[in-house]
*Asks:* 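Dropping the structure in here first, questions after.
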2 protein chains.
Amino acid sequence: MYTVAEENYIKSIYHLQRHQKSVHTNDLAAELNTRAASATDMIKKLEAKGLLKYEKYYGCSLTKSGKKLALNIIRRHRLWEFFLSEKLGFGWEEVHAVAEQLEHVQSDLLTDKLDAYLGFPRFDPHGDPIPDTLGNMAAREQTPLSLWTSQAPAEVCGVGSQDESFLEMLSLKQLEIGCRLTVLRHFNFDKTVELQLATGSSFTISEMLAKNIFVKPVEV
Amino acid sequence: MYTVAEENYIKSIYHLQRHQKSVHTNDLAAELNTRAASATDMIKKLEAKGLLKYEKYYGCSLTKSGKKLALNIIRRHRLWEFFLSEKLGFGWEEVHAVAEQLEHVQSDLLTDKLDAYLGFPRFDPHGDPIPDTLGNMAAREQTPLSLWTSQAPAEVCGVGSQDESFLEMLSLKQLEIGCRLTVLRHFNFDKTVELQLATGSSFTISEMLAKNIFVKPVEV
DNA sequence: CGAAATATTTAGCCAAAGCTAAAAATATAT
DNA sequence: ATATATTTTTAGCTTTGGCTAAATATTTCG
Ligand SMILES: [Mn+2]
Ligand SMILES: [Mn+2]
Ligand SMILES: [Mn+2]
Ligand SMILES: [Mn+2]
């Protein structure tokens, strides 16, 4: 149906659209490690296929059918990540790269059978919600630790990057999905955050790290 | 490492090589549903990469490293077929098409973890042996029913085609891998074969069918 | 406002993998 | 042994998805 390149563009546009209303050529090119000229070309092709709306020099945004396709690709990606992590024993820093390939296997039957086999999981190993067949998914709560001011205990429920070294660092510091902690204080000078794990150990993390760890209130 | 097209050529050449010493351009093109001119082009590219030896107007044959690659692709293909059939509940006539896509996911870690997860299976759902990491696999016994003259009970252990309608027909006639039967007689006139299942029911199958069902003596 | 900087598009390339039609080599048949 | 048929290769074209460099539009700043 769609080429790998087309699917990668659609997925990237979808992700960029969460932050901007309209997706700019340069941002898209950066996201896909390609050049603006190439992005412009592909945007035109995707518009011709009715997957997005495009206004010259302004940007593009997905149509209904573009969004539907994006959600299907994201569904495949996250289901495979869950499979790799849960069934095959991959580390959460390893799954993304392999899922980038697996997400392009086109078979709705496969996707749905995989979903059922995995027990209809609602979140991938990074805490991102998995869309169902219709494209519905859990709303993501993503308060970054950098903005978490409450004294109440918090639970790590997501991460803001798929970077391998970032995820490895989190594992090393025992900061994985589901882990509980309290924020002891925010240092205003350099925006570092001091926190304490449920295990008792406490330490300080950089602003960059704090921005990429999402937490939610601990369920009662 | 290698493109999908390259991998498909290598795999086809490997399969054709079982029958001919040297693989001819036309046969290769037919196998891949493409044209002789395209096959010639790709053969040259693959020779430049050291995967095969090529003599103009004569044909080509895989080098050591070409064979190694072919076995790795076949390993991936058959492991995925086993996964789809065994874990996801696909029918044996459905797995081949999906495995054609999955076989091109390139990650040795994935292949090996999948192998372990599946319990190191030795045969795929069609009875074809699965190569291990080193490329070793069980020898296949493939006496077609058309040549099985013994009165002794035989066990179905392989099929000679991946065609969906063929495999569906076999399921319908209860002729699946592992099934036991005895050959009652060969009709010389039209080469049809009369056989009897372990269930007691007996019927006659066409020459074409008989040629594509492989059997072996029942283990004692 | 107008100049400089930045963003985007266009034009003109390239490589991969396919195709058709024509040329060349090989095989077959009279 | 020559003529015919088949197979294979070559030449030239197409599409997809890249690229660079130049042109054009937009934004920002003095
Ligand atoms: Mn991912
Ligand atoms: Mn991808
Ligand atoms: Mn198969
Ligand atoms: Mn394939």
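Note on naming: letters A, B, ... go to the chains in the order of the sequence lines (proteins, then strands), and numbering restarts at 1 for each one.
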*Asks:* Tell me whether A/Y58 at atom OH has more than 12 heavy atoms from other residues, nucleotides or ligands lying less than 6.0 Å away.
*Replies:*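 Counting other residues, nucleotides and ligands, OH of A/Y58 stays at 12 neighbours or fewer.
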*Asks:* Are a donor atom and an acceptor atom from the side chains of A/S161 and A/D163 found within less than 3.5 Å of each other?
*Replies:*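 No pair is found: no donor N or O on one side chain lies under 3.5 Å from an acceptor on the other.
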*Asks:* Does C/dC19 have OP1 or OP2 under 4.0 Å away from a side-chain N or O of B/S38?
*Replies:*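 Affirmative; the distance criterion is met.
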*Asks:* Can you tell me how far apart OH (A/Y9) and CG (A/L46) are? Round to the nearest 0.5 Å.
*Replies:*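 The OH atom of A/Y9 sits 8.5 Å away from the CG atom of A/L46.
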*Asks:* Should we say atom CE of B/M208 is surrounded by more than 12 heavy atoms from elsewhere, each under 6.0 Å from it?
*Replies:*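 Not buried by this count: 12 neighbours or fewer within 6.0 Å.
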*Asks:* Please check if the side chain of B/S85 supplies one atom and the backbone of B/W92 the other of a donor-acceptor pair under 3.5 Å.
*Replies:*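 A pair under 3.5 Å: no.
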*Asks:* How far apart are the C-alpha atoms of B/R75 and B/D108, what are their side-chain angles, what is the distance that settles it, and do they pass the salt bridge (Lys or Arg N to Asp or Glu O under 4.0 Å) test?
*Replies:* CA-CA 11 Å; B/R75 169 170 159 78; B/D108 287 344; over 6 Å; no
*Asks:* Anything under 4.0 Å to a heavy atom of chain A counts; send over the first and last such nucleotide of DNA chain D, read 5' to 3'.
*Replies:*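 Contact span on the strand: D/dT16 to D/dT26.
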*Asks:* Considering only heavy atoms, which members of residues 29-37 of chain A lie under 4.0 Å from some atom of DNA chain C?
*Replies:*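 Only A/A36, A/A37 qualify.
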*Asks:* Mind jotting down which residue pairs meet the salt bridge (Lys or Arg N to Asp or Glu O under 4.0 Å) criterion with at least one end in residues 127-145 of chain B? Sequence neighbours excluded, please.
*Replies:*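 Output for this query lists B/D128-B/R140.
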*Asks:* Just checking B/T25: base, sugar-phosphate only, or nothing, at a heavy-atom cut-off of under 4.0 Å?
*Replies:*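 Here B/T25 touches the backbone only, sparing every base.
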*Asks:* What pairs of residues pass the salt bridge (Lys or Arg N to Asp or Glu O under 4.0 Å) test when at least one of them lies in residues 76-90 of chain A, not counting sequence neighbours?
*Replies:*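 Listed by first then second residue: A/E7-A/R76, A/R78-A/D124.
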*Asks:* In residues 52-61 of chain B, which residues come under 4.0 Å of DNA chain D by heavy atom?
*Replies:*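 Output list: B/Y54, B/K56, B/Y57.
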*Asks:* Testing the 3.5 Å rule here: is there a donor-acceptor pair between the side chains of A/H96 and A/H77?
*Replies:*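 Note: A/H96 and A/H77 side chains meet the donor-acceptor criterion.
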*Asks:* Between A/K45 and B/D41, which is nearer to the 5' end of DNA chain D once each is assigned its nearest nucleotide?
*Replies:*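 With B/D41 and A/K45 compared, the 5'-side residue is B/D41.
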*Asks:* Please give, in whole Å, the distance from C/dT9 C1' to A/H24 NE2?
*Replies:*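 Going from NE2 in A/H24 over to C1' in C/dT9 covers 15 Å.
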*Asks:* Quick one: is A/T40 getting a side-chain N or O under 4.0 Å of the C/dT8 phosphate, OP1 or OP2?
*Replies:*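 Indeed not, no polar side-chain atom of A/T40 lies that close.
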*Asks:* Can you check whether B/A154's main-chain N or O pairs, donor with acceptor, with B/W148's side chain at less than 3.5 Å?
*Replies:*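 No, because the side chain of B/W148 does not come within donor-acceptor range (under 3.5 Å) of the backbone of B/A154.
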*Asks:* So does B/K113 have more than 12 non-hydrogen atoms from other groups sitting under 6.0 Å from NZ?
*Replies:*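 Atom NZ in B/K113 is crowded, with more than 12 foreign heavy atoms closer than 6.0 Å.
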*Asks:* Among residues 5-23 of chain B, which contact DNA chain C at a heavy-atom distance under 4.0 Å?
*Replies:*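 Hits under 4.0 Å, by residue number: B/A5, B/Y9.
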*Asks:* According to the interplanar angle, ranging from 0 to 90°, do the rings of A/F83 and B/W80 count as parallel (below 30°), tilted (30 to 60°) or perpendicular (above 60°)?
*Replies:*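 A/F83 and B/W80: tilted rings.
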*Asks:* Could you check whether A/E176 and A/S171, counting side-chain N and O atoms only, form a donor-acceptor pair closer than 3.5 Å?
*Replies:*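 A pair is found: one side chain offers a donor N or O, the other an acceptor, under 3.5 Å apart.
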